[in-house]
Amino acid sequence: MGLFDRFVQRLDWQRPDPRTRLEDLPLLAVDMETTSLDPREGAIVSIGWVPINGGVIDLGGADYVLIKGATAGQIEQSVHIHMLTQDVVDAGVAEKEGISRLREALQGRALLAHFAALEVGFLKAACKRIYGAALRLDVVDTFALERRHMERMATYPRGEDLRLARVRQRYGLPNYGNHNALSDAQACAELFLALRHDLAGMTLKQVVAASERR
């Protein structure tokens, strides 16, 4: 690790204590809309986030940003998924501003996402471009946690079984019709609270390990 990497992490990044119990853990549910699943090829077009404090969703701390910079070709390829046109995206903020706002919201929190590899990959790639260093993150993944739960119950997921909407349906959570990054972040936050029964008594370190288990 170079001097600049250490400087960026020491100056700008606070991580929760790994011994923090789940019921006290500050989290930030994050969802990104991107033009590709691959951060080497795609661009972030929007980010939504919702804090969770002590097991309570804090909608007052929620936020949503559009990121300008995606090319017309990239937007064309993904408009049928995100329903975001070039004009709408071009009215957004620069990537550096959007990532800076997200990083500020993540201070002292673990990142929560559903299939977190996408959000983590794009965030790390953006930080590398902007700041020259990729931040270390504590990541909790509802996709991985639900897969772990299903496997422990000898119910092995297939195909669509682990998609966010399908998992929420199994837990009796309402369907959100018009998906965007903010509503999907809220949907992930709600799902996490529904999953907590299977994680009772665990620490951040243990929950992160459960999220990483393959």
Side-chain angles (χ1 to χ4, degrees), residues 13-16 18 20 22 25-52 55 57 61-65 67 81-82 98-99 101-128 134-151 157 160-168 170-171 173 176 179-196 198-199 202-214:
W13 195 244
Q14 300 171 12
R15 297 167 65 188
T20 305
L22 181 65
L25 181 62
L27 294 132
L28 192 75
V30 177
D31 186 82
M32 292 182 182
E33 293 174 309
T34 64
T35 60
S36 167
L37 297 179
D38 188 343
R40 295 169 299 181
E41 301 174 358
I44 302 170
V45 292
S46 67
I47 313 172
W49 60 86
V50 178
I52 302 175
I57 294 173
D63 206 351
Y64 173 78
V65 291
I67 307 293
I81 301 172
H82 306 311
I99 294 299
R101 286 168 59 178
L102 174 59
R103 290 179 68 197
E104 183 178 349
L106 271 167
Q107 290 288 344
R109 297 179 180 274
L111 184 148
L112 173 69
H114 192 78
F115 194 69
L118 186 143
E119 282 75 20
V120 170
F122 274 90
L123 178 56
K124 288 189 173 182
C127 287
K128 199 74 174 177
L135 295 177
R136 293 178 62 195
L137 296 166
D138 298 294
V139 179
V140 179
D141 188 346
T142 51
F143 178 99
L145 293 176
E146 175 63 5
R147 180 176 60 188
R148 169 182 176 269
H149 172 70
M150 293 181 75
E151 289 172 352
E160 301 283 303
D161 289 343
L162 289 172
R163 289 184 67 87
L164 180 59
R166 183 69 63 86
V167 180
R168 284 176 57 85
R170 285 200 296 274
Y171 285 87
L173 295 169
Y176 291 147
H179 295 282
N180 64 24
L182 181 56
S183 64
D184 282 351
Q186 181 177 342
C188 177
E190 293 171 354
L191 174 59
F192 175 75
L193 297 186
L195 292 173
R196 287 195 308 164
D198 194 45
L199 308 170
M202 294 177 71
T203 63
L204 169 60
K205 183 177 180 179
Q206 292 168 327
V207 176
V208 168
S211 293
E212 292 174 345
R213 197 169 298 151
R214 295 292 181 265

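Residues: numbered from 1 along the sequence shown.
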Q) If you round to the nearest 0.5 Å, how far is CG of Leu123 from CG of Leu137? A) 5.5 Å

Q | Sequence neighbours excluded, every pair satisfying salt bridge (Lys or Arg N to Asp or Glu O under 4.0 Å) that has a member inside residues 180-194 | A | Arg168-Glu190

Q) How many angstroms lie between CZ in Phe122 and CG in Leu102, if you round to the nearest 0.5 Å? A) 14.0 Å

Q. Sequence neighbours excluded, which residues qualify as side-chain contact (heavy atoms from CB on, under 4.5 Å) partners of Leu193?
A. Ile52, Ile57, Arg196

Q. Is any side-chain heavy atom of Ile47 less than 4.5 Å from a side-chain heavy atom of Arg101?
A. no

Q. Tell me, do Trp49 and Val65 make a side-chain contact under 4.5 Å, heavy atoms counted?
A. yes

Q | Over all atoms of both residues, closest heavy-atom pair of Ser36 and Asp38 | A | OG-N, 3.0 Å

(Q) List the residues meeting side-chain hydrogen bond (donor to acceptor under 3.5 Å, both in side chains) with Arg163, not counting sequence neighbours, and say none if there are none. (A) Glu160

Q: State which residues pass salt bridge (Lys or Arg N to Asp or Glu O under 4.0 Å) with Asp161; sequence neighbours excluded, sorted by chain then number.
A: Arg166

Q.
Tell me if a side-chain donor or acceptor on Thr203 pairs with a main-chain N or O of Gln206 at a distance below 3.5 Å.
A. yes

**Q.** Shortest non-hydrogen separation from Arg147 to Pro157 and the atoms involved
**A.** CG-CG, 4.0 Å

Q.
Testing the basics here: between Ala181 and Gly48, what is the closest heavy-atom pair and its distance to 0.1 Å?
A. CB-N, 3.4 Å

Q: Enter the distance from Asp138:CG to Arg109:CZ here, rounded to the nearest 0.5 Å.
A: 13.0 Å

Q. Looking at Gly98 and Ile67, what are the two nearest heavy atoms and their distance?
A. CA-CD1, 3.7 Å

Q: Indicate yes or no: at least one non-hydrogen side-chain atom of Leu145 is less than 4.5 angstrom from one of Asp198.
A: no

Q: Kindly write out the residues that satisfy side-chain contact (heavy atoms from CB on, under 4.5 Å) with Ala116, not counting sequence neighbours, or none if the list is empty.
A: Ala113, Val120, Val139, Asp141

Q: Could you pull out all residues at least two apart from Pro18 that satisfy side-chain contact (heavy atoms from CB on, under 4.5 Å)?
A: Lys205

**Q.** Heavy-atom closest contact (Ala144 atom, Ala210 atom, distance)
**A.** CB-O, 4.4 Å

Q. For Ala165, which residues count as a side-chain contact (heavy atoms from CB on, under 4.5 Å) partner, sequence neighbours excluded?
A. none

Q: Apply ring-ring contact (aromatic ring centres under 6.0 Å, His included) to Phe143 and list each qualifying residue two or more places apart in sequence or on a separate chain.
A: His114, Phe115

Q: Starting at CG of Leu182, measure out to CD of Gln186 and round the result to the nearest 0.5 Å.
A: 7.0 Å

**Q.** Distance in Å, Leu135 CG paired with Arg103 CZ, rounded so as to fall on 0.5 Å steps
**A.** 4.5 Å

Q | Asp31 side chain near Leu164 side chain, heavy-atom distance below 4.5 Å | A | no

Q. Are any of the side-chain heavy atoms of Thr142 and Val167 separated by less than 4.5 Å?
A. no

Q) With no hydrogens and no angle check, is any side-chain donor or acceptor of Glu212 less than 3.5 Å from a backbone partner on Ala209? A) no

Q) Can any side-chain N or O of Glu119 pair as donor or acceptor with the backbone N or O of Met32 at less than 3.5 Å? A) yes

Q: Without swapping roles, check the side chain of Thr35 against the backbone of Ala43 for a donor-acceptor pair under 3.5 Å.
A: yes

Q: Examine distances only and state if a side-chain atom of Gln107 and a backbone atom of Gln14 form a donor-acceptor pair shorter than 3.5 Å.
A: yes

(Q) Could you report the tightest heavy-atom contact between Ala62 and Pro51, atom names first, then the distance? (A) N-CD, 3.7 Å

Q.
Let me confirm one number: the CG-CG distance from Leu204 to Leu25, rounded to the nearest 0.5 Å.
A. 5.0 Å

